[in-house]
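One structure is given below, encoded as structure tokens.
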Number of protein chains: 2
Amino acid sequence: MVRLANAATVAAAHPGSCFIEEGEPATAFFNITAGTAKLFKLLPDGRRQITGFVSVGHFLGLAVSDTYAFSAEAIDEVRYCRFSRPRLRTLLDDFPLMEKRLLEVASNELVAAQEQMLLLGRKTARERLASFLIMQSRQGAACQAPRQRFALRMTRSDIADYLGLTIETVSRTLTRLRTEGLIEIPSVAEIAITRPAALGQLAGGLT
Amino acid sequence: MVRLANAATVAAAHPGSCFIEEGEPATAFFNITAGTAKLFKLLPDGRRQITGFVSVGHFLGLAVSDTYAFSAEAIDEVRYCRFSRPRLRTLLDDFPLMEKRLLEVASNELVAAQEQMLLLGRKTARERLASFLIMQSRQGAACQAPRQRFALRMTRSDIADYLGLTIETVSRTLTRLRTEGLIEIPSVAEIAITRPAALGQLAGGLT
DNA sequence: CGGAACGTTGACTCCTGTCAATTTGGGTGG
DNA sequence: CCACCCAAATTGACAGGAGTCAACGTTCCG
């Protein structure tokens, strides 16, 4: 862990380790600088809902609440900057542009959250997977065209908990999409979209 | 419609009318001054997901996107201030505190959205209704204790589309909660929580 | 080679959705 | 004032999609 001049610290989280725990006092604000993490909430009996995957550039821990509203677990090696809350406040005062940027980010995440609510509340398993695969195909290709083939950086269990399904349903549904010729599965962690238009149709008017 | 000095307009929407339509060019920013509206997204075949209910004080249309990401329909008579986008920008420049406030609001809404994702993705119908009723019992009583008895300002159809269920399941589940003695239903639009602790338990560790 | 975590597949169950009939309640007009 | 109407809500019967439980396959390290 490195301490910087402005009291921010740089740290890392190993795959599988949590660097934010839901319910803990929200003492800090994070900025991911490398790697990917999953954000999730748990029910008392262990059911889990992954609310998003975050990677380089993402901000975490904005909430005004005094405790974190979700947990964050590293998927691969994650590096991040950590700002104490008071330090964040002075940062925002010193750099008003940062506030603008944070507002933009939060607004975009709200839009994404609403899209995910539509998926979780109203889409079938097939539609959820179709939507998810299309989303993934665009991941990290913000400025370019979606890639026809890409790697899934998460397990079936993570996909299931993100889509509100079980791992069995995820597996079966992927198999079905494959047998129907909409996708190919070169390896467990790779997907190739063979009929993007049909998949988009299934997803319900792509986002 | 009244035009103010700073180019904002004051307007109203009658019950059932949409004052924001998903997909339309996002030309404005709204601030609700009276009434309640529902926000929702539609799938091509008409399936609907209500992403939230908003009332006095809420801000709408923040998104950076060039089209609205959701529709807004008035439940009762809604009054609102409408700012054009350029005007919003000058407003934010003139009143930096407003930006801080918007960021707070957006952060809180993100937390609520994540809670709703947990509900939609992982909770059973019973748990969804329990969570919903507890949430409603706190509505508009931000600073006070939750009310033991309250009015539902929306139809069963709205509740269903908010919770990702059908109206039949909402109806049946409410009936069951009543016969089990957790709640009473003095009239179709009123609920009394008779066993708050048990209902909270069911909801899965209240928010 | 062996074991463990992850993934796939099958058989069966059940919660919720679908379809349909009936009841309730609020508003309107005779 | 009351009968009527229509939308909303409730209730029932049935069906189906996704969950559960379990067996089997695969991959990857130790």
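Letters go in sequence order (proteins before strands), and every chain restarts at 1.
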Rounded to whole angstrom units, what separation is found between the [atom1] atom of [X] and the [atom2] atom of [N]?
| X | N | atom1 | atom2 | result |
| --- | --- | --- | --- | --- |
| B/Lys123 | D/dG19 | NZ | C1' | 19 Å |
| B/Glu190 | D/dA8 | CD | P | 19 Å |
| B/Asp161 | D/dA8 | CG | C1' | 14 Å |
| A/Arg47 | C/dC15 | CZ | P | 13 Å |
| B/Leu119 | C/dT16 | CG | P | 12 Å |
| B/Asp158 | D/dA7 | CG | C1' | 14 Å |
| B/Leu174 | D/dA8 | CG | C1' | 14 Å |
| B/Arg156 | C/dT16 | CZ | P | 18 Å |

Under 4.0 Å from OP1 or OP2 of D/dG17: is there any side-chain N or O of A/Thr124 that close?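 Result: no.
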With a cut-off of less than 4.0 Å, is there a side-chain N or O of A/Thr155 near OP1 or OP2 of C/dC6?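 Checking C/dC6 against A/Thr155, no side-chain N or O comes under 4.0 Å of OP1 or OP2.
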So what does A/Leu165 touch, heavy atoms closer than 4.0 Å: a base, only the sugar-phosphate, or nothing?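 Result for A/Leu165 = sugar-phosphate.
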Candidates [options] - which lies nearest the side chain of [X]:
| X | options | answer |
| --- | --- | --- |
| A/Thr175 | D/dT10, C/dT9, D/dG19 | C/dT9 |
| B/Ser171 | D/dA18, D/dA9, C/dT8 | D/dA9 |
| B/Arg172 | D/dG19, D/dT10, C/dG17 | C/dG17 |
| B/Glu168 | C/dT9, D/dG19, D/dT11 | D/dT11 |

Assign the ring pair B/Phe19 / B/Tyr80 to parallel, tilted or perpendicular, where the plane angle (0 to 90°) is split at 30° and 60°.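 The rings of B/Phe19 and B/Tyr80 lie parallel, inter-plane angle below 30°.
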Please state whether the rings of B/Phe29 and B/Phe59 are parallel, tilted or perpendicular, taking 30° and 60° as the class boundaries.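 Parallel, since the angle between the ring planes stays under 30°.
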Donor + acceptor pair across side chains of B/Ser131, B/Lys123 (<3.5 Å):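 The criterion, which ignores hydrogens and geometry beyond distance, is satisfied for B/Lys123 and B/Ser131.
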First of A/Arg178 and B/Ala125 reached from the 5' end of DNA chain C, by closest nucleotide: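 Of the two residues, A/Arg178 wins.
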I'd like to know whether A/Phe53 forms a ring pair (Phe, Tyr, Trp, His ring centres under 6.0 Å) with A/Tyr162, so could you lay out the CA-CA distance, the side-chain angles of the two residues, the decisive distance to 0.1 Å, and finally the verdict. CA-CA 9 Å; A/Phe53 299 98; A/Tyr162 181 57; 5.1 Å; yes
Decide, yes or no, whether a salt bridge links B/Glu180 with B/Arg176 under the criterion of side-chain N to carboxylate O below 4.0 Å.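 Looking at B/Glu180 and B/Arg176, the cut-off is met.
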